[in-house]
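Below is one structure, written out as structure tokens; the observations come after it.
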Amino acid sequence: MTERSIVVFTRDLRVIDNPALCLAAEQGEVFPLFVFDQKIVTASDLGNKRLTFLLESLEDLHSGLQKIGSSLFLRVGNWTEEIINFCKEKEAQTIHLAIDHSNHSQKRLEDLRKKAQQIGIQVKGHQGIAVVEPGMITPASGEEYKMFSPYYQKWKEATWRDLLPAPKNLSSSERDQRSSEIFHNFRPEENHIRMKGGERTGRANMKSWMGEDLKNYAFLRNDLASDRTSRLSPYLHFGCLSPLEVAVLSRDHTDDSFVRQVCWRDFYLQVLSSHPEASVADYRTRDFKWRSDVNQYEAWKEGKTGYPIVDAAMRQLLHEGFMHNRTRMVVASFLTKDLHMDWRLGAKHFMEHLLDGDVASNQLNWQWVAGTGTDYNPHRVFNPTRQSERFDKTGEYIKRWVPELRQCFGKEIHDLGPLLREELGYPQPIVDHGEAIKKYKQDYAS
DNA sequence: TGATTGTTCAG
DNA sequence: TGAACAATC
């Protein structure tokens, strides 16, 4: 008798190199399922852009599954209950899924294990979210690596699992009416942004970027205007691409700066896995009184701070659901060090708008900038004018997103006088960087 | 993947 | 004079 099992997709929305799907398929009949977790769907931090990317990814997963004789079932509601009900409906004995590491994922998995056990259904957790899963390499001293460099060394030397092909032929199971209705009700918004969700687009983007831009990554990754970073983060977040595959394809490159970035993702996952509360609380507690000022927060969110590099980046975020890594650090430093606002406010806005909004990378990178994270350096302050001069010399990036400044000549765009601002209709700076940092340091010292 | 300041030293 | 470096915030 062949076994019947459910494969629950979470953020491993792919058929290639998907351990949960592949191993379930080896054991018998498989019913692929995705549940819109009511708690996630209704949470304020899931913005329309990321939801659209998710829907596109699910649609593509469905067609990927159809090519191998299956289809994707959809349910919406309480995540655990829906999975259990689906198991009963399909008379399945086993649930396969990839293990994830956020607070919410850990809790709901525990809940699922308990409920499944009560009715004699087995839950099998699989790898697939990371290159090297959290817990596979640990420092001698404690639970997780707190420093990136030693982690990176171990990560490179670790034994990586083998890549898995897509299952050849899953037994046929037509998507039911209910699934179609659910998908219909969530109908994706018209998507004009550059990154369309799904495994197919993800793979195409990966291949073309690796073919053309990977070799120049070290030279161009900080060049804001040329915009040559991989932009694979949303595909990695939803698992349209296997992080292991991305790492394998880039690790033997003469220059390791890209695969290092892939490793940062695993690094923060292992931090979050050991400290799930770090998504909302300081990783290193620190007694600093954050200010709050609604008008300044709004100005920051809308890209009207009067600092061109900050405004360009914040407008890019609203428009594309994406921001260059370099400017993520610049705007985060501006919110925490210049406006003295809580990193959680910044992280929340990022989560609402980023296609790649990922609890581990987002919250812990914010903590890194705020100086509450693993790499503790309260004196790290980005000077928006310096960053702009160094990484957007010609002002091309700024002009792309801040049309008021398109008429600027030469270097003046980095450091505008009050009269020119007035003339161009561009805001005066909402704070003076020098004074704001002086105050930050005073507050920090006391 | 910080910025600034001060020092040294080649030219 | 300015690059390179370390100390300091």
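Chain letters run A, B, ... following the sequence lines, proteins first and then strands; every chain starts at 1. This one's a predicted model, so the numbers in the text were calculated from it and none came from an experiment.
The interatomic distance linking A:D443 (CG) with C:dC9 (P) rounds to 17 Å, in whole Å. Across the protein-nucleic acid pair, A:H433 atom NE2 and B:dT4 atom C1' stand 10 Å apart, rounded to whole Å. A:F391 has its CZ atom 12 Å from the C1' atom of B:dA3, to the nearest Å. Remark: C1' of B:dT5 and NZ of A:K441 are 11 Å apart, rounded to the nearest angstrom. Per the geometry, CG belonging to A:N325 stands 7 Å off C1' belonging to B:dT1, to the nearest Å. One atom, NZ of A:K438, and another, P of B:dT4, lie 15 Å apart when rounded to the nearest Å. Spacing between atom CG of A:N365 and atom P of B:dG2 amounts to 13 Å, rounded to whole angstrom units. The interatomic distance linking A:Q367 (CD) with B:dT1 (C1') rounds to 17 Å, in whole Å.
Within the nucleic acid shown, A:N222 has no heavy atom closer than 4.0 Å to any nucleic acid atom.
Without hydrogens or angle criteria, A:R326 side chain to A:Q387 main chain gives no donor-acceptor distance under 3.5 Å. No donor-acceptor pair under 3.5 Å is formed between the side chain of A:H433 and the backbone N or O of A:P384.
In terms of phosphate contacts, A:Q387 brings a side-chain nitrogen or oxygen within less than 4.0 Å of OP1 or OP2 of B:dA3. OP1 or OP2 of B:dA3 has at least one side-chain nitrogen or oxygen of A:R390 nearer than 4.0 Å. OP1 or OP2 of B:dT4 has at least one side-chain nitrogen or oxygen of A:N383 nearer than 4.0 Å.
Of the charged side-chain nitrogens involved, at least one lies within less than 4.0 Å of a carboxylate oxygen, so that A:R344 and A:D282 count as a salt-bridged pair. Salt-bridge annotation for A:K393 and A:E389: absent, with no side-chain N of the basic residue lying under 4.0 Å from a carboxylate O of the acidic one.
Out of B:dT4, B:dG2, B:dT1, the shortest distance to the side chain of A:R386 is found at B:dT4.
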